[in-house]
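Working notes, beginning with the structure itself.
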Amino acid sequence: MPGPKLLVLLLWFWAAAVGAQPASGDAERTELRQFLISTINEASSFRDRFDAEVWLLDMSGRLERFIDDPQTRLDLLRAVHQEARAANLKPDLVLALIEVESAFDRYAVSSAGAQGLMQIMPFWKNEIGRPEDNLTDPYTNLRYGCRILQYYVEKEKGNLMHALARYNGSYGKYWYPRRVFDAWERRWRVGNL
């Protein structure tokens with residue numbers, strides 16, 4: 001097994017070569033970097049306690065097939081709701097994306113080196129000046145992932161099909177957005193997108 005420094009170096013080279021999930025082109029990458037820097041520290045929460053309890057109870061039942069522990073489910077759902085709302089995203093869409101990306105495995109690592117629930121490329125930590133961030137921490141991963149998706153939704157003027165394809169690094173192809181929409185429709189939908 002390679003040492004940690006060699007592994008980090010290999011992952012960095014792989015990420016640079018493969019380019020999974022980063023913005024395409026230098027200008028767009030710079031734009032996304034600035035967006036992440038300006039939004040990564042924001043936070044919000046549920047506005048109404050009753051709505052929160054109803055949503056958490058409903059989603060906890062749906063999430064049970066992926067996460068056994070009820071407290072872990074509730075903690076994750078609170079974080080998903082908070083980060084999705086802070087990024088002007090629907091929490092149920094974020095849950096569908098997480099299902100497709102990692103099946104709710106906070107330690108998931110893709111063949112390209114993307115990490116965590118929302119499969120974030122580690123180079124973004126350095127790009128925005130936060131090298132100490134831990135992408136296997138659900139809160140950190142959700143904050144990055146939701147803000148990256150928010151950026152693409154805004155860039156695509158609300159077109160979720162295009163935004164999801166950009167998020168996945170498959171712009172112009174629609175197999176990935178369809179997988180997210182299928183998961184949303186099958187398991188997470190609570191209203192219209």
Can you list everything that forms a side chain to side chain contact (heavy atoms under 4.5 Å, CB included) with [X]? Sequence neighbours excluded, please.
{"X": "Asn134", "answer": "Thr136, Asp137"}
{"X": "Asp69", "answer": "Gln71, Thr72"}
{"X": "Pro177", "answer": "Met161, Leu164, Ala165, Tyr174, Phe181"}
{"X": "Ala183", "answer": "Ala96, Glu99, Val100, Arg186"}

Asp133 with Arg130: basic N within carboxylate O range, under 4.0 Å:
yes

Listed partners of Arg73 passing side-chain hydrogen bond (donor to acceptor under 3.5 Å, both in side chains), at least two apart
Ser60

With sequence neighbours left out, the residues meeting side-chain hydrogen bond (donor to acceptor under 3.5 Å, both in side chains) with Asp58 are Arg62

Among all residues two or more places apart in sequence or in another chain, which pass the salt bridge (charged side-chain N to carboxylate O under 4.0 Å, His left out) test with [X]?
{"X": "Glu64", "value": "none"}
{"X": "Asp75", "value": "Arg78"}
{"X": "Glu185", "value": "Arg189"}
{"X": "Lys90", "value": "Asp92"}

Which pairs, with at least one residue in residues 102-121 and sequence neighbours excluded, count as a ring pair (Phe, Tyr, Trp, His ring centres under 6.0 Å)?
Phe66-Phe104, Phe104-Trp188

